[in-house]
Amino acid sequence: MFRRGEPVPFAFVAEADRFRSNVTPPPRERLSRTQLAARSLVGLTVVAGLAGSLVFGMPALQPSKAPEKSQQSEASQGR
């Protein structure tokens, strides 16, 4: 069904790894202080939100004791 052909030399792969383009990309623009502060603030907000949800969510994840007596509303006690 499939026939093996001639062995393929892989020298072209090694040459492709060494190939460098003579076109250099433009230098990246440096972030201004405002942009740096904004990104830091967004990052801190995300981290604080995750930490807060963990702190406030921990009591809900802990097993609670079953109530000793059943809860009844005040309206049902007057009967």
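Both backbone and side-chain heavy atoms feed into the values below; hydrogens, waters and symmetry mates do not.
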Rounded to the nearest 0.5 Å, what's the gap from CD on Gln35 to CZ on Arg30? Could you check?
12.0 Å
Name all residues meeting the side-chain contact (heavy atoms from CB on, under 4.5 Å) criterion together with Ser40; count only those two or more places apart in sequence or in a different chain, and write none if there are none.
none
Could you list the donor-acceptor pairs under 3.5 angstrom formed between side-chain atoms of residues 44-62 and any protein atom two or more places apart in sequence or on another chain?
{"unit_1": "Thr45", "atom_1": "OG1", "unit_2": "Leu41", "atom_2": "O", "d": "2.7"}
{"unit_1": "Ser53", "atom_1": "OG", "unit_2": "Gly49", "atom_2": "O", "d": "3.3"}
{"unit_1": "Ser53", "atom_1": "OG", "unit_2": "Leu50", "atom_2": "O", "d": "2.8"}

